Protein chains: 2
Amino acid sequence: MQTETICLGILRNGPATGYVIKSVLEGPLNQIYNLSFGSIYPALSKLTKEKYVTVKQHAQDKKPDKKVYTITKKGISYFEETLLEESGKYVRSGNYGDQIKSEFAMLLLFSKSLPKENIKLILDERILYVQQQLNLITYEGPLAKDSNLNAIRNSAQGQFTRGLMAEVIKTAINYMEKNRKKLHD
Amino acid sequence: MQTETICLGILRNGPATGYVIKSVLEGPLNQIYNLSFGSIYPALSKLTKEKYVTVKQHAQDKKPDKKVYTITKKGISYFEETLLEESGKYVRSGNYGDQIKSEFAMLLLFSKSLPKENIKLILDERILYVQQQLNLITYEGPLAKDSNLNAIRNSAQGQFTRGLMAEVIKTAINYMEKNRKKLHD
DNA sequence: AAGACATATATCAGATTGATATAGGGACAT
DNA sequence: ATGTCCCTATATCAATCTGATATATGTCTT
């Protein structure tokens, strides 16, 4: 999925800055997709040139300038067309998460070359880390500032997607706890 | 994880060509990591220069030349050191699969902008596709040629990792079947 | 006999990351 | 008080990676 499409999809839920778009991709909807500023900012510039979004510069008293982007009607049409056209190809990529680079799974696969005490430590850390991620995804408390993230999180689509991720993560934790002995006993 | 490390890890299980390394990353151990030829071939050249691997060119009668790479003792030491040094950072990246780019999850998240019939079709296709991936991972039949892939697949580490992926995929299928109505009814 | 597919290596434009730079504010410790 | 660290906020860039394409030949199917 193009960076431009992701940005438009997030802006569909309300105006946002590049910084906020990045934070949406790291908050409770985390574990799905990530983008660096190095691709978000150029994408927003391109979208502005093509009139799919408009910008308003907010010169803030004591903070750096904010550039708040808003999706245009043209942008909404373009977004909906693109999503429909490309939907087929997003289905066949990855099992539950595309473009897979699971360094952790590779580490497990290569763990024969690691001392057993280290394997134990690694699994302990991993289970803790994954549990934290689960908490992030299932967090239902207030989110403050960006209505954008709230809208995405509380929509039926957001609930479904978060539920899917949460179930998958729980399964992973249970599996690791039950079967870890096979790797280090 | 560096491409060089991945290559060394696969070569630890026996000599292989670049083509075979690519196929290992696409076979029954699929869904964990992937690399393009554009990064595998340069990595193998670099490893050769640094004497972590040796090459033997097999001029084949009627096929293009094969370059069979074998890991050296220096390569094994380097691999084990790297794995140990970097293991900590591989733990904290992604929930079950790092560097996440789940185009499918993004599509679900944005599916409010899609006609309901399309959402139904997408979920049908997705469930079918994911089921195929599950079959690939759980496949226990013969693999022919490359002992390399066999060795990885049948090791305790391979069994653990494949089991983890399989459980996670089954959970995803069940979840989608049970909850899909929330997206299109 | 044409077309699809598998083996096998290689290159490259375009896209992405991760680090770094810049800049001010607030929180907390020493 | 002064240092350190984190948050908001935009931006750039070298190094890396992908996806497409090129080249070459064999086999299997229709």
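A note on names: the letters A, B, ... follow the listed sequences, proteins ahead of strands, and every chain is numbered from 1. All of these numbers come straight from a predicted model, not from anything done at the bench.
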- Message: Between A:K67 and B:G38, which residue's closest nucleotide on DNA chain D lies nearer the 5′ terminus?
- Response: A:K67
- Would you mind reporting whether A:E140 and A:R162 have side-chain heavy atoms less than 4.5 Å apart? yes
- Distance (rounded to the nearest 0.5 Å) between B:L109 CG and A:I6 CD1: 9.0 Å
- Message: Side chain of B:F37, heavy atoms from C-beta onward: which of C:dT9, D:dA9, C:dA8 has the nearest atom to it?
- Response: C:dT9
- Query: Taking atom C1' of D:dT10 as reference, at what distance in whole Å does atom CD of A:Q57 sit?
  - Reply: 10 Å
- Take A:Q133 and A:Y129, measure what side chain to side chain donor-acceptor pair (under 3.5 Å) needs, and give me the verdict at the end. CA-CA 6 Å; A:Q133 295 303 317; A:Y129 172 74; 3.3 Å; yes
- Measure the distance from OH on B:Y19 to P on C:dT9 and round it to the nearest whole Å. 9 Å
- Message: Could you tell me how far apart A:I6 (CD1) and C:dA15 (P) are, to the nearest whole angstrom?
- Response: 15 Å
- Task: Could you check how far CD of B:Q2 sits from P of D:dA15, rounded to whole Å?
- Result: 14 Å
- Verify the contact: side-chain N or O of A:T3 to OP1 or OP2 of C:dT16, cut-off strictly under 4.0 Å; return yes or no. yes
- Item | B:Y41 vs C:dT9: side-chain N/O to OP1/OP2 distance below 4.0 Å | yes
- Item | N or O in side chain of B:K22 less than 4.0 angstrom from C:dA8 OP1/OP2 | no
- Query: Can you check the B:E26 CD to C:dA6 P distance for me, whole Å?
  - Reply: 11 Å
- Taken to the nearest 0.5 Å, the spacing of B:T72 OG1 from B:I76 CD1 works out to 7.5 Å
- For B:S36, which contact category applies under a 4.0 Å heavy-atom criterion: base, sugar-phosphate, or nothing? base
- Length of the CD1-C1' vector between A:I21 and D:dT8, whole Å: 15 Å
- Take the protein atom CD of B:E4 and the nucleotide atom P of D:dA15, then report the distance between them rounded to whole Å. 15 Å
- How long is the line joining NZ of B:K66 and P of C:dA10, in whole Å? 15 Å
- Message: Using a heavy-atom cut-off of 4.0 Å across all strands, would you classify A:G18 as base, sugar-phosphate, or nothing?
- Response: sugar-phosphate
- Evaluate the side-chain proximity of A:K56 to A:K67: yes if any heavy-atom separation is below 4.5 Å, no if none is. no
- Message: Please pick, from C:dA10, C:dA8, D:dA11, the nucleotide with the shortest atom-to-atom distance to any side-chain atom of B:T17.
- Response: C:dA8
- Is any side-chain N or O of A:S39 closer than 4.0 Å to OP1 or OP2 of C:dT16? no
